[in-house]
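This report concerns only the one structure given below.
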Amino acid sequence: GYFSNPTGYVFLCLFVLLTSFAAFWPHEFFTSNLANFDQLNKFLPYIMLIFIPAITMSIWAEEKRQGTDELLLTLPAKDFDIVIGKYFAAVLVFTVSLLFSQLSNFAVLLSMTDGNLDNLLLFSTYLGYWFVGIAMIALGSVASFLTSNLTVGFIFGAVFNAPLAFFSNADVIFSSQKWIQRLFDWSLLERFEPFGRGLITASSICYFLGIVVIGIFLSMILIGRRHWLGGRDGTSMLWHFVLRACFLFVMVVSAVLIVEHSTLNRARIDISDEKVSTLSPSTLKLLNRLSSENEAGQADPINVTAYVGNDIPSEFVRTKYDLVNLLREFDALGGSRINVDLQQGIEPFSKQAVLASKRYGIR
């Protein structure tokens, strides 16, 4: 139905245009001189905040508006079949749009570099976009359940996904560095970050699939409310399902934390052609020894503070890119023994710049 009217194609073309502008319009793309989608990575969650609700707003709201939801629920299918079918339909629409965007942006990079591209790095980046999208679609589907108005469904979809998209800008609202870091760690942008470096990690996949599970479970609760909202005796199971949803949320968060802070976090596959995020065997051996010393209480944690400016001379751009990738891997694989505070995008005379100059003589 989405592709049987012009609206679907308008949104598809709009998505391709927005992603292309975000990838190649910023001047940082040319000053960095790197054939990747680093600029698009910054803007993608906000583009998704418009595009995903446009896909999900009509999933259930349109059924209610036209009165076809009752007919749908009388079909010889279980509630789960209907919910998962609707969800996969929206995922397919998004996947098709993402595929066109990838082909378009890949063609631009191909023409600029004469074919000198890290193809698998670009593939892993778009794989990360896909995981971001399927997570946001799950929450958007829940929003569409709550109304029969398409405009309200769009707004609800954006509101439900906005916190995860804006957690990466928590420093605008909060002053506590501890809370800023906690919220940033749970943002879509931070969990997507390994994919942008060619890494497929267990913790990021667990995070996105956890959101999908929560969204589908909430949809199951909402589609089944005709059975439990009020029976013949007037009883309601609302609080029962609220409690179950809360427990599921705790379970998903716990699963992500377990994967992130256990040996499962080492399940990281660098699929990039140049292995830009792969540490050498000797470095991994050293990190393992440091972690074992820390667990035995033989040494204190190693704290690394890195100050990275915005304006980097072109001959050092690649050095900066490799250095930041290594520091992120030290932080991820160093366990509790190595703590990396990576402060990027520092402007001259900013608070961080003054601190770096006074403490370490870095200018």
Where do Asn41 and Gln39 land on the side chain to side chain donor-acceptor pair (under 3.5 Å) test, with the steps shown first?
CA-CA 5 Å; Asn41 297 346; Gln39 308 312 314; over 6 Å; no

On the 0 to 90° scale, with breaks at 30° and 60°, tag the Phe145-Trp60 ring pair as parallel, tilted or perpendicular.
parallel

For Asp79, enumerate each residue passing the side chain to side chain donor-acceptor pair (under 3.5 Å) test, keeping only those at least two apart in sequence or located in another chain.
Arg226

Might you confirm whether atom OH of Tyr321 has over 12 heavy atoms from other residues, nucleotides or ligands at distances under 6.0 Å?
yes

Backbone N/O of Ile134 and side chain of Tyr87: donor-acceptor pair under 3.5 Å
yes

In Å, rounded to the nearest 0.5 Å, how long is the span from CD1 of Ile211 to CD1 of Ile137?
12.5 Å

All ring pair (Phe, Tyr, Trp, His ring centres under 6.0 Å) counterparts of Phe100, not counting sequence neighbours
none

Would you say Ser187's side chain and Phe184's backbone share a donor-acceptor pair under 3.5 angstrom?
yes

Donor-acceptor under 3.5 Å (Ser357 side chain, Ala353 main chain)
no

Residues that, via side-chain heavy atoms closer than 4.5 angstrom, fall in one hydrophobic cluster with Tyr307
Ile346, Leu355, Tyr360, Ile362

Out of Tyr129, Trp130, Phe208, which residue meets the ring pair (Phe, Tyr, Trp, His ring centres under 6.0 Å) rule with Phe192?
Tyr129

If we count only N and O atoms by modelled type, under 3.5 Å, do the side chains of Asn105 and Tyr126 hold a donor and an acceptor together?
yes

Separation between CG of Asn161 and CE of Met136, rounded to the nearest 0.5 Å
4.0 Å

Any side-chain to backbone donor/acceptor pair from Asp341 onto Ala306? Under 3.5 Å, distance only.
no

Let me confirm one number: the CZ-CG distance from Phe316 to Leu323, rounded to the nearest 0.5 Å.
12.5 Å

Acceptor/donor pairs from residues 328-335 side chains to any protein atom, 3.5 angstrom cut, sequence neighbours excluded:
{"from": "Arg328", "atom 1": "NE", "to": "Glu193", "atom 2": "OE2", "distance (Å)": "3.1"}
{"from": "Glu329", "atom 1": "OE1", "to": "Arg268", "atom 2": "NE", "distance (Å)": "3.3"}
{"from": "Glu329", "atom 1": "OE2", "to": "Arg197", "atom 2": "NH1", "distance (Å)": "3.3"}
{"from": "Glu329", "atom 1": "OE2", "to": "Arg197", "atom 2": "NH2", "distance (Å)": "3.2"}
{"from": "Glu329", "atom 1": "OE2", "to": "Arg268", "atom 2": "NH2", "distance (Å)": "2.8"}
{"from": "Asp331", "atom 1": "OD1", "to": "Val340", "atom 2": "N", "distance (Å)": "3.4"}

Partner set under salt bridge (Lys or Arg N to Asp or Glu O under 4.0 Å) for Asp81, not counting sequence neighbours
none

Remaining members of hydrophobic cluster (4.5 Å side-chain criterion), Val354
none

For Thr201, is there any backbone N or O sitting under 3.5 Å from a side-chain donor or acceptor partner on Ser204?
no

Rounded to the nearest 0.5 Å, how far does CD1 of Ile221 lie from CD1 of Ile216?
12.5 Å

Report the C-alpha separation of Phe15 and Ile50 in whole Å, then their side-chain angles, then the decisive distance to 0.1 Å, and conclude whether the side-chain contact (heavy atoms from CB on, under 4.5 Å) test is met.
CA-CA 9 Å; Phe15 180 73; Ile50 300 173; over 6 Å; no

Can you confirm whether the side chains of Ser144 and Ser141 place a donor and an acceptor under 3.5 Å from each other?
no

Thr278: what forms a side chain to side chain donor-acceptor pair (under 3.5 Å) with it, not counting sequence neighbours?
Asp270

Identify, with sequence neighbours excluded, every residue that meets side chain to side chain donor-acceptor pair (under 3.5 Å) alongside Thr283.
Ser280

Under the ring pair (Phe, Tyr, Trp, His ring centres under 6.0 Å) test, residues paired with Phe160 that sit two or more places apart
none

For Phe80, give me all partners under ring pair (Phe, Tyr, Trp, His ring centres under 6.0 Å), at least two apart in sequence or on another chain.
none

Using a 3.5 Å distance criterion without hydrogens, assess whether the side chain of Ser272 forms a donor-acceptor pair with backbone atoms of Lys275.
yes

Apply ring-ring contact (aromatic ring centres under 6.0 Å, His included) to Tyr46 and Phe166, showing your working.
CA-CA 8 Å; Tyr46 312 117; Phe166 287 109; 5.5 Å; yes

Rounded at 0.5 Å granularity, tell me how far CG in Leu92 sits from CD1 in Ile55.
10.0 Å

Apply salt bridge (Lys or Arg N to Asp or Glu O under 4.0 Å) to Arg318 and list each qualifying residue two or more places apart in sequence or on a separate chain.
Glu274, Asp322

I'd like to know if the side chain of Arg191 reaches the main chain of Asp185, judged simply by a donor and an acceptor atom lying under 3.5 Å from each other, with no hydrogens or angles considered.
yes

Hydrophobic clusters here meaning ILVMFWY residues chained together by side-chain heavy-atom distances under 4.5 Å, can you tell me if Val16 and Met112 are in one?
yes

Should Leu287 and Leu199 be regarded as members of a common hydrophobic cluster, given that ILVMFWY residues are connected when their side-chain heavy atoms come within less than 4.5 Å of each other, either directly or indirectly?
no

Ring pair (Phe, Tyr, Trp, His ring centres under 6.0 Å) against Phe167, all qualifying residues, sequence neighbours excluded:
none

